[in-house]
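Written out below as structure tokens is the structure these notes cover.
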Amino acid sequence: MSGRGKSQSVRAKSPEPAHAKNPVRAKSARQPPKEPVKDTKKETQQITDESKPKKTKEFKQPKLTTEEKAPVPHKCVEVKTGSRMVKKGHSVDSNPNKILFTTIDQLTIKKKHKSESASIVNDTVKRIMDHMKKCTECFKDVNALRTGSYYENLKISNPDEFDVMLTVPVERVDIRLFGDDGAFYSVAFKRGKHSLDRFLDEDNTISASGMLTEFRNEVKKCVKILKDVRLEKKKKGCPAVTLLINGTGTVPISLDIVLGLEVRSSWPPFTQGGIDKIDIWLGTKVKKEQKFKGYYLVPKYEGKGTVEREGVCARDAWRISFSHVEKSILTNHGSQKTCCEASGTRCCRKDCLKLLKHLLGLLKAENPSLSKFCSYHAKTTLLHACCSRTKDSDWEAAQLGLCFQQLLEDFEGHLKDGMLPNFFIPSHNLLSSGHDRKSCQLLARRIEEERNNGFPIFHKSVGTTSITSP
DNA sequence: TCGTGCTATTTTTG
DNA sequence: CAAAAATAGCACGA
């Protein structure tokens, strides 16, 4: 958003939020509400049922035709369905970009599959939320924050991984740095009583492991009677309670329920120089809005993985999380407000990320020594890239080939340097733990190889690949 | 079709 | 009784 508003307070947006955010939307006349809605569902149902058919038609008509007729700009026409036109010649063909468009097409989640998974997941989440609100004391105020690739429309291949953070608001807390790279913190109460007092350690900080254990028990309680759901074994240092759900004949769904503390205060000093880079890309106003939303802390152990570093004893702490901001800026990723909207120009930022995630998944499947790399590395690389190539015209949909090449070169650069700063905490190097120099170099070489040879690996398989989270 | 943000409306609260 | 919070319904975008 090119800073056009100069309003100081973010709250001041209330009078015209829709317009401010998206002028296009403002065009469509809003249907004035009809009859006041009655209490009972039955009555509501009847009213809608009677009046629905007519209205639906009115609204859909103009849309249908345009949607059906107009070719979606970013899809290559010849490649369109995958089922019809695509020849399975494994040679590198004349248009090297073709394989990219084809691959994107094949990574797209099928509507029916998505629908099935969504309903299963939503039922489960609703059940957990109800349980937390009604049957627990310390988790009764949780809110569900849907995050991760599925909810960012970046999930590829199968709708089989979902992330939901259940956030507990905390007030009057003292956030203290824990460790030296700015990613970990401990949380203490300033004064007064709080419903989380029972998790206090001897040093008056909230015990991450204690709270997570309790949280896990509550989740366990309420999914116990569900036959299709089972709990994955607790992994040390993992902030999520992972549920494995067997859908009807489909791939099992893994649903991460993450405990998070919601902190509504200004961001810690270690965030400086991180999100500030979006100024040129998205504007300072957007940055302010994001910062205003606060941040989250998820239970995570510090000091695990590498035992080499002496002196740092493994103690539990909270890791800072900006999942909500990631989601927000990825869904609203254009320098222009109309980027990727019907009336605007389509870009390929998200397609590039999907391809990178896919490539990484394939390379990992091929070589176990790359297991430490994860999709968050890919996402972070894209965020950095968006800050250096800030204009929407730098990411024209038709230039997918070039943009992807460039993004891969970026990634190779990070790997060769052994340095990929966390986008929000620049001093936190995502390649610092468990990524030895050798595996970084290896991955960089493999990517370069693919990039220079027309991505043979994309030709080989379109099988299901998924990248596990850190 | 799902997910989200927005508005109007109803319900609760001070 | 007014203000604030909760809820319902709708319109997009993906």
Side-chain angles (χ1 to χ4, degrees), chain A residues 10-11 13-64 66-67 70 72-75 104-105 107-126 129 133 140-141 143-156 159 162-165 169 253 289 293 323-324 326-334 336-351 353-354 397:
Chain A
V10 191
R11 284 170 190 279
K13 69 182 175 180
S14 27
E16 28 94 53
H19 309 244
K21 218 175 171 200
N22 186 346
V24 183
R25 248 171 238 146
K27 252 195 313 191
S28 63
R30 172 162 245 104
Q31 179 79 0
K34 27 172 196 201
E35 309 279 273
V37 186
K38 305 298 187 307
D39 264 343
T40 73
K41 282 204 170 146
K42 268 194 184 158
E43 280 175 42
T44 312
Q45 195 62 47
Q46 280 168 4
I47 290 170
T48 13
D49 282 351
E50 282 170 32
S51 54
K52 199 192 248 167
K54 211 205 280 178
K55 208 186 326 163
T56 321
K57 234 177 210 165
E58 273 173 37
F59 275 102
K60 283 229 162 136
Q61 227 159 21
K63 255 217 124 162
L64 255 173
T66 38
E67 216 169 74
V72 188
H74 96 294
K75 277 187 187 169
I104 284 285
D105 206 43
L107 291 174
T108 303
I109 291 171
K110 300 294 167 290
K111 223 167 28 178
K112 191 181 168 201
H113 195 179
K114 183 185 169 192
S115 183
E116 285 171 9
S117 294
S119 108
I120 293 173
V121 167
N122 287 338
D123 289 351
T124 312
V125 171
K126 186 170 187 313
M129 287 295 285
K133 283 180 191 295
K140 67 175 194 304
D141 295 324
N143 291 303
L145 181 63
R146 290 156 162 81
T147 65
S149 60
Y150 176 86
Y151 295 104
E152 291 164 350
N153 289 304
L154 285 165
K155 188 70 185 74
I156 51 176
F162 292 77
D163 304 272
V164 179
M165 197 194 289
I253 298 167
E289 284 168 9
K293 290 195 269 187
S323 304
H324 59 309
E326 292 161 13
K327 181 181 175 185
S328 169
I329 66 187
L330 282 168
T331 46
N332 224 330
H333 56 253
Q336 302 291 308
K337 281 179 275 294
T338 52
C339 181
C340 288
E341 281 180 4
S343 61
T345 327
R346 182 170 271 278
C347 82
C348 64
R349 290 176 178 95
K350 289 174 117 183
D351 285 341
L353 179 49
K354 285 185 190 175

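First the proteins, then the strands, lettered A, B, ... as listed; each starts at 1.
Residues meeting the salt bridge (Lys or Arg N to Asp or Glu O under 4.0 Å) test with A:K140, sequence neighbours left out: A:E137. Residues passing the side-chain contact (heavy atoms from CB on, under 4.5 Å) test with A:S328, sequence neighbours excluded: A:Q290, A:K293.
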- Message: As a quick check of understanding, evaluate side-chain contact (heavy atoms from CB on, under 4.5 Å) for A:K327 and A:R146, giving each step before the final call.
- Response: CA-CA 9 Å; A:K327 181 181 175 185; A:R146 290 156 162 81; 4.1 Å; yes
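Whole-Å rounding puts the A:D351 CG to C:dA14 P distance at 12 Å. The distance between atom NZ of A:K114 and atom P of B:dG3, rounded to the nearest whole Å, is 6 Å. A:K337 places its NZ atom 16 Å from the P atom of C:dG13, with the value rounded to the nearest Å. Rounded to an integer number of Å, the gap from A:K112 NZ to C:dA14 P is 26 Å. What separates CG of A:N332 from P of C:dC12 is a distance of 17 Å, to the nearest Å. We find that CG of A:N153 is positioned 9 Å from C1' of C:dG13, with the value rounded to whole Å. The separation between A:K133 atom NZ and C:dA6 atom C1' is 11 Å, rounded to whole Å. Between the OH atom of A:Y151 and the C1' atom of B:dC2 there is a distance of 10 Å, rounded to whole Å.
Residue A:Y150 places no side-chain N or O under 4.0 Å from the OP1 or OP2 atom of B:dC2. Note on A:N122: a side-chain N or O is less than 4.0 Å away from OP1 or OP2 of B:dG3.
Contacts of A:K327 with the nucleic acid, taken as non-hydrogen atoms under 4.0 Å apart, involve only primed sugar atoms and P, OP1 or OP2.
Classified by interplanar angle (parallel below 30°, tilted 30° to 60°, perpendicular above 60°), the ring pair A:F162/A:Y150 is tilted.
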